[in-house]
There are 2 protein chains.
Amino acid sequence: MGYRNVSKEEKKPSQSLKQIVYEDLKRRIISCEILPGTQLTEEILCEQLKASRTPVRDALSRLEQEQLLTIHPKKGIFVNTVSLANVSELFEARLRIEPYAVQYYGNRIGDDVYVECIRRFESETRKSRELYRLDDEFHQMFIDATRNRYLIMFYNTVRDQTMRYRVLSAMERRLFDSQAEHREVAMQCLRGNWERAAEAMRSHIENSKISILDYVMHQNRDAKNIFAATDIPAEAPET
Amino acid sequence: MGYRNVSKEEKKPSQSLKQIVYEDLKRRIISCEILPGTQLTEEILCEQLKASRTPVRDALSRLEQEQLLTIHPKKGIFVNTVSLANVSELFEARLRIEPYAVQYYGNRIGDDVYVECIRRFESETRKSRELYRLDDEFHQMFIDATRNRYLIMFYNTVRDQTMRYRVLSAMERRLFDSQAEHREVAMQCLRGNWERAAEAMRSHIENSKISILDYVMHQNRDAKNIFAATDIPAEAPET
DNA sequence: TTGACAAATGTTGTATACAACATTATAATG
DNA sequence: CATTATAATGTTGTATACAACATTTGTCAA
């Protein structure tokens, strides 16, 4: 069920169709089931998501604001591409927030929570699905501790984007290093060494960034032309 | 025409009705022409903005994501209230970004721009409208210099929120101190003292925060019950 | 073949009717 | 009078038809 202090965002008034459509489409984009650069049309989405254009358009509007796609008026809807520049921007944004959250708000999280985190990071789960979830919850925990709605909102956007890269680069191996780094953060928190905890988080994020950048630069053989040289806002095909 | 390096956001494909409606409604909320806590209904907005529900709903969806209003399904739409806690969150967010932008990306801005800034901040314009514009552009300039789409996007949201407080507290007097602080930032930038420039920006933001918090706490006589004790996401009237 | 023009197609933008739910008012009942 | 049941109203959610614009295709002439 996740740690304490974890986001209450798991709202379940999700009964509404527009919410279902939004979450479903977002999941498909983040998981790269729909690849970067893909053109979407409302009509096809309506069929696939089994809804009319109204809730679909609502979802599209939100996803555009979250930088996951771009709507070119009267032309089409394109899933935003990913790029080296984009990775840098994402991790720079994370570095602005996460170490700060750890250093100044980590003390809002109970020792028992840290103990539990450490325990989990030591257990040898092999299911990457599970490890990813732990990873996400660990980072989210610190952001939520700031209790700052703007930082939380901002982090949501950045986190979702980061997930796309995680899927694309399929960094299974990185996962285990990542767990060790998480444990280091949690242990420093447990000792009340907030500066060191922040530093540990900083280098953890740097390592993740390097790992992804490294992958993106060296991907070549099975590369699917996913990583664009251009920047994110997907361009409509020039005519 | 503003400084160089200033946001290119002034897109003018704003022909579309939904864009016009969005900008108009957003302006009304930011300028507090529509007061915090107000309940809106789509029908009334349609009349006022002379559009059908489709573009109006589109605008409402975007404004909800920007934390300017909250849509309670099947109940109503409420302009988010403002509060002490909210001011703190806003300025904390700004402190995460702005000094950083100054320190690490201020050198991307030409000396001539800083000279021009200083000149303008010294001229004794009395029109607060004009001063506000200079103020906004000055801060935006540094954010844009980061060329980080996520930081820029985030700052947009925070900036708009800040404007609401500016209007509510009508801090005319603060404006002049503010200009002097801006000049200090620009001068440190011109000298290449990026750390000092960042520090100047930091204290400038702190001062703005204090000014607003001070106003909010002492506002009493002409207070219009605008500042809620509760937090931003406007609650639907409990029943 | 090339070019220009026109028609057809694809796609989103906008308006509107109706459905679903929440709240309030009303009336009936004890 | 108090309480409950029921109807009326208000508000957003959803579906769909049509309009506006962009692109592509096709036709015809030079």
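A, B, ... follow the sequence lines: proteins, then strands. Residue 1 opens every chain. Quick caveat, the model's predicted, so the values are computed rather than measured.
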Value rounded to 0.5 Å, distance of CZ in Phe91(A) from CG in Asn86(A) = 10.0 Å
task = Starting at atom CG of Leu60(B), determine the distance to atom P of dT11(D), rounded to an integer number of angstrom.
result = 14 Å
request  = Would you please name every residue forming a salt bridge (charged side-chain N to carboxylate O under 4.0 Å, His left out) with Glu64(B), sequence neighbours left out?
outcome  = none
message = Below the 4.0 Å mark, does dT14(C) have OP1 or OP2 next to a side-chain nitrogen or oxygen of Ser52(B)?
response = no
ask   = Any side-chain donor-acceptor pair under 3.5 Å between Ser61(A) and Arg62(B)?
value = no
key: Candidate pair Gln15(B) and Gln19(B), rule side chain to side chain donor-acceptor pair (under 3.5 Å), full reasoning   = CA-CA 7 Å; Gln15(B) 298 284 15; Gln19(B) 186 68 11; over 6 Å; no
key: Aromatic ring pairing Tyr100(B)/Tyr104(B), orientation class (parallel under 30°, perpendicular over 60°, tilted between)   = tilted
ask   = Expressed in angstrom and rounded to an integer, what is the separation of Arg57(A) atom CZ from dA15(D) atom C1'?
value = 13 Å
ask   = Does Thr54(B) make a side-chain N or O approach to OP1 or OP2 of dT14(C) shorter than 4.0 Å?
value = no
ask   = Ile20(B) CD1 to dG13(C) P: how many Å, rounded?
value = 14 Å
task = Write down the distance between CD (Gln39(B)) and P (dT23(C)), rounded to a whole number of angstrom.
result = 11 Å
remark   = Of Lys50(A) and Gly76(B), the one whose nearest nucleotide on DNA chain D sits closer to the 5' end is Gly76(B)
message = Is it true that, when you exclude Glu43(A) itself, more than 12 heavy atoms of the residues, nucleotides or ligands shown sit nearer than 6.0 Å to its CD?
response = no
request  = Nearest whole angstrom, please: distance from the P of dT14(D) to the OH of Tyr22(A).
outcome  = 15 Å
ask   = Are the charged groups of Arg133(B) and Glu137(B) less than 4.0 angstrom apart, N to O?
value = yes
Listing time: all N or O pairs from protein to nucleotides 18-22 of chain C that are below 3.5 Å?
unit_1	atom_1	unit_2	atom_2	d
dC21(C)	O4'	Lys74(B)	NZ	3.4

key: Donor on one side chain, acceptor on other, Gln140(B) and Asp136(B), under 3.5 Å   = no
ask   = Can you list the residues that meet the salt bridge (charged side-chain N to carboxylate O under 4.0 Å, His left out) rule with Lys26(A), with sequence neighbours excluded?
value = Glu66(A), Asp160(A)
query = In whole angstroms, how far is the P atom of dT12(C) from the CG atom of Asp58(A)?
reply = 16 Å
message = In whole Å, I'd like the distance from the CZ atom of Phe78(A) to the P atom of dT12(C).
response = 9 Å
ask   = Thinking salt bridges, do Arg27(A) and Glu23(A) make one under a 4.0 Å N-O criterion?
value = no
Please list, for nucleotides 6-8 of chain C, all pairs of protein and nucleotide N/O atoms separated by less than 3.5 Å.
none

request  = Could you pull out all residues at least two apart from Arg96(B) that satisfy salt bridge (charged side-chain N to carboxylate O under 4.0 Å, His left out)?
outcome  = none
ask   = Where along residues 40-49 of chain B does a heavy atom come under 4.0 Å from DNA chain D, residue by residue in number order?
value = Leu40(B), Thr41(B), Glu42(B)
request  = Specify the separation, in whole Å, of atom CG of Leu17(B) and atom P of dT12(C).
outcome  = 18 Å
